[in-house]
Structures are given as C-alpha cells and as structure tokens.
J.: 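Please read through the structure below; I'll follow up with questions.
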Number of protein chains: 2
Amino acid sequence: MPDIDFWYSIGSTYSFLTIMRLDAWCEENSATVTWRPFNVRAVMSEQRNIPFAGKPVKSAYMWRDIQRRASKYHIHARLPAPYPISDLELANQVALLGMSEGWGKGFTQALYRIWFEEGVEAGSEQAISEALFRCQQDPMPVLARARTPRAEAALKAETDTAIRLGIFGAPSFVVGGEVFWGDDRLEDALSWARVGHVV
Amino acid sequence: MPDIDFWYSIGSTYSFLTIMRLDAWCEENSATVTWRPFNVRAVMSEQRNIPFAGKPVKSAYMWRDIQRRASKYHIHARLPAPYPISDLELANQVALLGMSEGWGKGFTQALYRIWFEEGVEAGSEQAISEALFRCQQDPMPVLARARTPRAEAALKAETDTAIRLGIFGAPSFVVGGEVFWGDDRLEDALSWARVGHVV
C-alpha cells in the first residue's frame, strides 16, 4: 500500500480533528501516515485564498461543524479556540524539528490540546513551551534551535514541496501524487492508497 | 423525523453530486428532502466569499475532487464543465417556478446533465430551454414567466431566507435550524434529523 502523507499546519483549525483522531484511526485501519508540518499561511497568501478572515457567517459555521465532528469522534474541545494564531512559523518550525528527532507528533498533539482544550493560542511562546515540556523537551534550547535560519529554511523547503504537490490548504493527505483536502477526506485517501479510487 | 431542506443553486459545481444522487439516496434512507433553489452568488458576493475565481490550484483540485466522488457514486460526468455560468438568476428563477408546479426537480436534474455531461453552460438560454423541453415544459412561455418581477422577487425571498438560516454556500442542508454545508455533509444532516447529533 502506498504511504499516506499528512500535511498540516499548526494554526489550521480543521487539522485539529485529524491530529486528535489519527493515531487511533491508523491502528484501526492498519495504516501508516507520515506527519508533515508546513506553512499553510504562506501557501494561502500566495494563492489569495482567505477562508475565514472577514467572513463571520462562514467562521461561525466552521466552529459549529468542528464541534459536531469532534463529538462524532469523541474528541473533547472548548470552542471557539483563539483564532487566528499569531506566530504560525515558529510553532511549525518547532514541529518540523521535532519530526526529525522523534517528538514532533507528540508536540503537535500536546499543542493542539493546549489550544483547543485549554484556550491558549497555539502560536504563543507560552503554549509552545508548555507543549514542549509535556513531551519531555527542554523549551529554551529547542526554541533557540527552531529560530535558526536552518530551521526556517527547513520549513520553507517543506512548504515548497507542498506547493509543488498541489496543496492549497490544511489538512491535506497525499497518496501517490493524489491530493485530498480536509479531515473529511481521510477515508478517501485510504481508499485511494488501497484500491486506487474512492469507494 | 424533522424534514431536510436541500438548498442549492444552479451554478454551484458541488451541487451536481447531490442533484444526481439524491433521489436514490432518499429511497435507500427512507428520507424526504425538499429542494430549495436560491441565489448563492448573491449570498457569496455579500459575504465576500469567492471560492474559486482567481484560484487555479484550488479550482483544479475542485474538479478532481468532484471527478473522484462522482466515480464513487457511479455518476457520469465530463469535467471540467463550463464555469462559472453566466446567468445564474434566470436558471434558478426557472427552477423555483418549477418547484411550485411540480417539475422543478426534473428540470434541475436535466439541466445539470446538459451542463456536466454535455458541456453546455447551464446559464445559457439554450441549456435552460433544452432542460425545459426534456421535462415536458414549453420553453418560451416558461422563460417569459421566469423573467417577471414576481419570479425575481420569489427567488430573492428564498435567498433572504437562506441568509437568515446562516447559509453561505451551496449545497447546504438544513435540519431544524442546523446548517450542513457541502454534498459530503448529507449523511451528517440525516444523522442530525434522526438522532440530533452526527454519528
């Protein structure tokens, strides 16, 4: 079965659903998914894709829809969470650094809990530090490394790869070059990986 | 079980999937759905919600996603269909007139086939006339009635109702005041109607 890549950005609201349910989902479906943080804000700015800013009706719907689907997946959430987040780059640079060191997924899950359950904005240094602490990482040195030009370049390279793949939003799933956008397309991506079409 | 209202606009691409699969779906699920055409373009302009214009990457994805899901539902389509359509108001005024006279659903289905299978732009008088003909309506008098101030006011009233309900896009399903946006939320709407939450 081809791999499924899970492209997400800390800062994306619907990514919350995937981040919270993906481990159990992988176990249930005997699937392996690679977590790939990128900078969705850079992609969307470039493509003039502004999903919620200045759109109160659509924004209210987004929170309601996330609430309904979180309930469906038995995920706890206190909504609306603070949105948009401030420093999207830093949080995702930390996450990407963590992916190369084995703690990126745990950090992402901890940070989303802090953001969506405890109401602390996920781009803040407070939230990032707390999430690092919760996955047994020393916040100060990690933050220093995540702020280096090397860490910035690494996130930019991943973001460029996402753009080349045709990604325009988060979360997205990519299977053998095929892009599926949205938490609600996770099953479609699995189907594509297994049989090459959506069932 | 509360009723499900299906709010759609001729001109909406994703509405194609619902329009083509809804009859069989209602039969399978013993559900009754009321078809309610409205002017989604007026709603989206007011809310500065521009989903695809000037967004080539997202537009390409949209067609690919519709193609994959059409295949899933065994719906034939020749994509991309001409988009956007020209005269959204007229087509929906005709559809709304037809709803009050019993041929609105058949007209909508015929017009979407002409648009998505035969590649004739759904806002054109040619396509509208052909769809009327295929559902046993005399095109010229119907078009004349659909162009009256009364028909215009009727579509505007439905559109105002949609706005009051919190609708911001098409297709949308409304069950007891709860809005579900997108063909992929049809099952959620049914679940809401049956048990009051999404399962």
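The figures that follow rest on heavy atoms only: side chains count, while hydrogens, waters and symmetry mates do not. Throughout, protein chains are lettered first and strands after them, A, B, ... in sequence-line order, and every chain is numbered starting at 1.
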J.: Please flag which part of Val199(A) lies under 4.5 Å from any non-hydrogen atom of chain B: side chain, backbone, both or neither.
T.: backbone

J.: Only pairs of heavy atoms separated by less than 4.5 Å count here; which of Arg185(A), Lys72(A), His197(A) has the most with chain B?
T.: Arg185(A)

J.: Give a yes or no on this: more than 12 heavy atoms of other residues, nucleotides or ligands lie within 6.0 Å of atom NZ of Lys55(B).
T.: yes

J.: Is chain A contacted by the side chain of Trp192(B), its backbone, both, or neither, given a heavy-atom distance below 4.5 Å?
T.: side chain

J.: Using the salt bridge (Lys or Arg N to Asp or Glu O under 4.0 Å) definition, which of the options Arg69(A), Arg64(A), Arg68(A) pairs with Asp188(B)?
T.: Arg69(A)

J.: Does Phe133(A), at its CZ atom, have more than 12 non-hydrogen atoms belonging to other residues, nucleotides or ligands within less than 6.0 Å?
T.: no

J.: Could you grab the distance from atom CD1 of Ile167(B) to atom NZ of Lys58(A), nearest 0.5 Å is fine?
T.: 15.0 Å

J.: Got more than 12 heavy atoms from elsewhere within 6.0 Å of CZ, Arg145(A)?
T.: yes

J.: Hydrophobic clustering (ILVMFWY, side-chain heavy atoms < 4.5 Å, transitive) - are Tyr8(A) and Val94(A) grouped together?
T.: yes

J.: Where does Phe180(A) contact chain B at under 4.5 Å (heavy atoms): side chain, backbone, both or neither?
T.: both

J.: So, Tyr61(B) side chain and Trp181(A) main chain: donor-acceptor pair closer than 3.5 Å or not?
T.: yes

J.: Would you say Trp35(B) ends up clustered with Leu88(B) if hydrophobic residues are merged whenever their side chains have heavy atoms under 4.5 Å apart, either directly or through other cluster members?
T.: yes

J.: Using non-hydrogen atoms only, which part of Val179(B) is less than 4.5 Å away from chain A: side chain, backbone, both, or neither?
T.: both

J.: Does Gln126(A) CD have over 12 foreign heavy atoms under 6.0 Å away?
T.: no

